[in-house]
Every structure is written in structure tokens, then in C-alpha cells.
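Chain identifiers are assigned alphabetically (A, B, ...) following the order of the sequence lines, protein sequences preceding nucleic acid strands; residue numbering begins at 1 within each chain.
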Amino acid sequence: DKLVYLALGELRPPFDRLEFNLADKLIVRALGVGWEEYQRVGDLGELAEKITNHKFSNSQMTVSEVYEQLVRIAKDSGSGSQERKVRGVATLIKQMDPISAKYIVRMVAGKLRLGFSDKTVIDALSYLENGNKEYSEMLDRAYQKRPDVGVLAQMVKEWGAEKAAEKIDVVIGTPIVPALAQRLKTPREMIAKMGRVYVEKKWDGTRVQIHFSRGQVRTFTRNLDESSAMFPELTKIADQVNADEVILDSEAVGYDPKTGKLVPFQLTITRKRKHGVVEAQSSVPLRFFVFDIMYLDGKSLIHLPLQKRREILVKTVSKGDVLVVDEHIETDDPDVLREYHKKQLEAGLEGALVKQIDGEYMPGRTGFNWVKFKESEDSRAKLADTIDAVIMGYYLGKGKRSDFT
DNA sequence: CATGGCTGCCC
DNA sequence: ATTCTGC
DNA sequence: GCAGAATGGGCAGCCATG
């Protein structure tokens with residue numbers, strides 16, 4: 001597991017992230033060279049490689065030892081920690097050959113770019129099993145339920161790919177890869193591809209996966225980062241949940257405390273902050289529009305059809321101020337769909353989400369299980385803005401970019 | 001202590 | 001979030 | 001048609017600078 005995290009330039013999975021908190025300046029200090037030297041080379045990794053070049057060390061650190069040292073450096077905090085971190089990195093680099101130093105330094109600086117993702121690790125684990133990608137799909141499905149490549153690697157080593165995939169299941173406290181929606185233009189295409197559909201509002205807020213258990217609530221973003229600290233209101237939802245443990249999928253949207261009206265995305269997103277969380281909570285309170293349930297009291301629900309999950313959801317979450325289970329419609333008529341969408345736009349929403357009525361909870365943007373129906377592209381949602389500009393000055397490039405001048 | 005450059009993470 | 005590109 | 005890389009607007013926060 002350690003090797004797998006290191007290969008990705010991380011120490012732990014995103015939902016349990018560990019940061020180094022060492023900026024360029026401090027790393028340059030750890031390398032024991034002048035700032036000008038860094039300016040000249042332009043890349044901390046190459047700098048580290050260069051300075052370890054002539055004093056090659058033949059100490060044999062194991063992957064575990066390197067990993068433990070990195071964790072120790074990352075975990076250090078409080079008074080004097082900067083100095084200790086700098087010394088820690090320096091000591092580590094001294095024991096390394098130049099190439100290792102290059103990559104370790106890039107990792108600490110948060111600038112490791114190996115073109116290596118969780119998907120690559122999954123393929124590697126399949127190769128480990130039988131030398132090809134035969135097991136990738138199976139392992140990927142397991143990964144979607146529990147997206148922790150470290151755990152996956154450990155399980156595959158211990159049990160083999162097939163058994164590991166079978167054993168891995170949704171666990172509370174580890175985010176599930178969220179289901180995403182495809183985009184289609186016309187209601188006709190939607191009905192053609194999906195048949196009778198389940199339709200709900202598309203809220204313009206931020207995605208929140210809620211892991212509720214008695215005594216603790218944790219939340220995760222669309223990209224699997226933990227966001228629990230953002231949402232103090234979720235500490236008081238116990239009376240709205242008729243279960244001991246649930247995983248819910250929701251969209252959080254801010255509202256004006258005076259009028260009760262929902263606010264635009266740009267205001268909702270100001271709730272994503274580290275400081276002043278409580279103050280922000282009173283100026284932009286949130287409602288969590290819950291649209292799915294993936295886990296209930298020890299059992300994964302992701303393989304149940306949407307209708308069934310919805311039934312369970314309605315029974316599990318009761319009315320209240322924080323969690324809201326909104327209404328939906330069901331139809332197989334493109335005109336009804338178009339009308340519903342129009343109504344949502346008029347009400348100031350982003351549009352509608354159209355879902356296969358008997359679809360499982362499908363992580364990622366797989367097939368046409370969920371489809372979003374937004375405003376047409378020409379009126380809004382443009383990517384490219386243009387400006388007229390005059391160049392008033394420029395900086396000389398450094399490192400690799402010094403050639404541009 | 002105020003400001004701008006820059007990054008990370010929402011969409 | 002959208003758009004582009006290679007397969 | 002799909003996955004992955006590369007791109008945009010806008011927010012908070014960190015850091016160096018002066």
C-alpha cells in the first residue's frame with residue numbers, strides 16, 4: 001500500500017489526505033543551496049538531483065523507511081515544526097541517490113507529475129495477477145465502492161484479484177465514487193436512450209456525500225476530499241435520520257436567512273472555507289437536497305434500482321430544516337420532460353436531472369444512467385471569453401522556460 | 001499589516 | 001464545469 | 001463514443017514582499 005501511495009505522489013488517499021506544508025523556500029533551505037541557484041535551475045527536483053550527484057550515498061533505505069520518514073515530516077506541526085521539517089527533508093535527501101532525491105523532493109513540494117493515476121494502479125494490480133488488463137474492470141468496480149488504492153493493493157496481494165474484488169464493499173467513512181450525469185441536448189434523445197424516466201430538479205450548489213452515524217458525521221466532495229469541517233449544521237441532523245448509519249448523496253445550496261430564497265452558486269461556494277465557518281453558517285445557511293441513499297445500517301444499497309432506493313430514502317429521512325427530500329416526476333413523454341425542464345429554469349434552477357428508473361447507483365459517468373438537462377449552450381455556459389490586450393511588460397523565463405526569452 | 005502572485009478545489 | 005484529441 | 005488531458009470562472013487561503 002505504501003508503494004502505491006508513493007507512486008501517486010501521495011501518502012494517503014484523498015479523503016484522508018496528509019499535506020507536507022513545505023513551500024519552495026523551505027525546500028531550498030533543506031537542500032542547503034542559495035535561492036539564486038534555484039532560480040537558475042527552475043525545478044526543485046532537478047536541483048536536488050544535482051546536489052546529491054557527487055556525494056552518492058550507498059545507504060539502503062527501504063520503501064517503508066522512506067514512507068515512515070515522509071509521514072513523520074508531514075505530521076509535524078506547531079512551534080518549531082518548520083525547522084524540524086527542513087531538517088527532516090535534508091536528512092532524508094542525504095541518504096538518497098540523485099534520482100530518488102529528485103522524485104522525493106518533487107513529491108514533498110507537491111509537484112510530482114508522473115502521468116500516473118489511480119486507474120494506472122488498478123491496471124498494474126491486474127498485471128500483477130496475470131500479466132494483462134483482464135482484471136482491471138473487476139478491480140475498477142471494487143475501487144468505485146471503496147476508492148482507496150492502498151487498501152486495494154493490500155487485498156490483491158493477500159487474496160488475489162478475484163477474491164479481493166469480491167470482498168471489497170462500501171464502508172461508512174470512505175467515500176463512494178459519486179455518480180455523475182451525462183449531457184444530452186433534447187428530451188427526445190433522453191427518452192429514446194432511457195425509456196421511462198425519473199426526473200428531478202438540478203440544484204446549483206455543491207455536491208455533498210454524507211456519511212452519518214450516531215455520534216459522527218463526515219462529508220466528502222465530488223472529488224473524494226473530506227469536507228466535514230465546512231458543514232456544522234450536519235451535527236444536528238440526528239432527529240431527521242431514522243437509522244444508525246447511512247450514506248446519502250446530496251446537493252447543498254445556500255439560502256438567504258431573511259427571505260428563505262436560494263442563493264447563486266458563487267455565494268454558496270463561499271461556505272467552502274477554513275476560517276470563520278460558524279459566521280458563514282449564519283450568513284449563508286445551507287439546505288441539503290438529498291437525492292439518493294447508498295448505504296443503510298451495514299448494508300450497501302448501490303445495486304438496488306433507483307425506485308427502491310428512493311422508497312428507502314423517503315422512509316429514512318424525515319422532514320426538517322437541514323435535510324430535504326424533494327419531489328420528482330416520472331414520465332416517458334418528451335413533451336412532459338421539456339415542460340418540466342422549462343418550469344425549473346423559470347424557477348431559477350439549473351435545469352433537470354433525468355435518471356433511468358430502475359438504474360443502480362452507478363459511480364462515475366457510466367453510460368446513460370443519469371443525464372443532465374440544462375439550459376441550451378448558446379445562451380449560457382460558454383467556455384471561451386476573449387479580451388483585447390496590450391503587452392505592457394514581461395518576466396524572463398526561468399529553468400526550462402529560459403529559452404522563451 | 002496590506003497587497004499581489006499563486007494554488008487548490010468547487011463548478 | 002466544458003472542450004479537445006487520440007484511439 | 002469514450003477516456004483522459006487540457007482548458008475556463010471564481011472562491012478562499014497561503015506565502016513572499018515591501
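When the side-chain contact (heavy atoms from CB on, under 4.5 Å) test is applied to A:Q281, the partners found at least two apart in sequence or on another chain are A:P232, A:E233, A:K236, A:R271. Every residue two or more places apart in sequence or in another chain was checked for a salt bridge (Lys or Arg N to Asp or Glu O under 4.0 Å) with A:E245, and none qualifies. Every side-chain contact (heavy atoms from CB on, under 4.5 Å) that A:K193 has, sequence neighbours left out, goes to A:L184, A:F368.
On the C1' atoms, B:dC10 is 22 Å away from D:dA3, given to the nearest whole Å.
The nearest whole Å value for the distance from the CE atom in A:M362 to the P atom in D:dC2 is 11 Å. Here the C1' atom of nucleotide D:dC2 and the CD atom of A:Q182 are 9 Å apart, to the nearest Å. In this structure, A:L180 atom CG and D:dG4 atom P are separated by 13 Å, rounded to whole Å. In this entry the distance linking CG of A:D123 with P of D:dA3 reads 13 Å, nearest Å.
For the pair A:K119 and D:dC2, the criterion of a side-chain N or O lying under 4.0 Å from OP1 or OP2 is not met.
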Do any N or O atoms of the protein come closer than 3.5 Å to N or O atoms of nucleotides 8-11 of chain B, and which pairs are they?
| from | atom 1 | to | atom 2 | distance (Å) |
| --- | --- | --- | --- | --- |
| B:dC10 | OP2 | A:T221 | OG1 | 3.2 |
| B:dC10 | O3' | A:T206 | OG1 | 3.1 |
| B:dC11 | OP1 | A:R207 | N | 2.8 |

Provide a list of protein-nucleic acid N or O atom pairs under 3.5 angstrom, restricted to nucleotides 14-18 of chain D.
| from | atom 1 | to | atom 2 | distance (Å) |
| --- | --- | --- | --- | --- |
| D:dC14 | OP1 | A:K274 | NZ | 2.9 |
| D:dA16 | O3' | A:K25 | NZ | 3.2 |
| D:dT17 | OP1 | A:K25 | NZ | 3.4 |
| D:dT17 | OP2 | A:K25 | NZ | 3.2 |

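Between A:K102 and A:E46, no side-chain nitrogen of the basic residue sits less than 4.0 Å from a carboxylate oxygen of the acidic one, so the salt-bridge criterion is not met.
Taking the six-membered ring where the residue is Trp, the centroids of A:F373 and A:Y340 are separated by 6.0 Å or more. Not less than 6.0 angstrom separates the ring centroid of A:Y198 from the ring centroid of A:W370.
Nearest-nucleotide assignment on DNA chain D puts the 5′-proximal partner with A:G367, out of A:Q266 and A:G367.
Checking each of A:K201, A:K202, A:K319 against A:D326 for a salt bridge (charged side-chain N to carboxylate O under 4.0 Å, His left out) leaves exactly one that passes, namely A:K201.
For residues 151-163 of chain A, no residue pair satisfies the salt bridge (charged side-chain N to carboxylate O under 4.0 Å, His left out) rule, not counting sequence neighbours.
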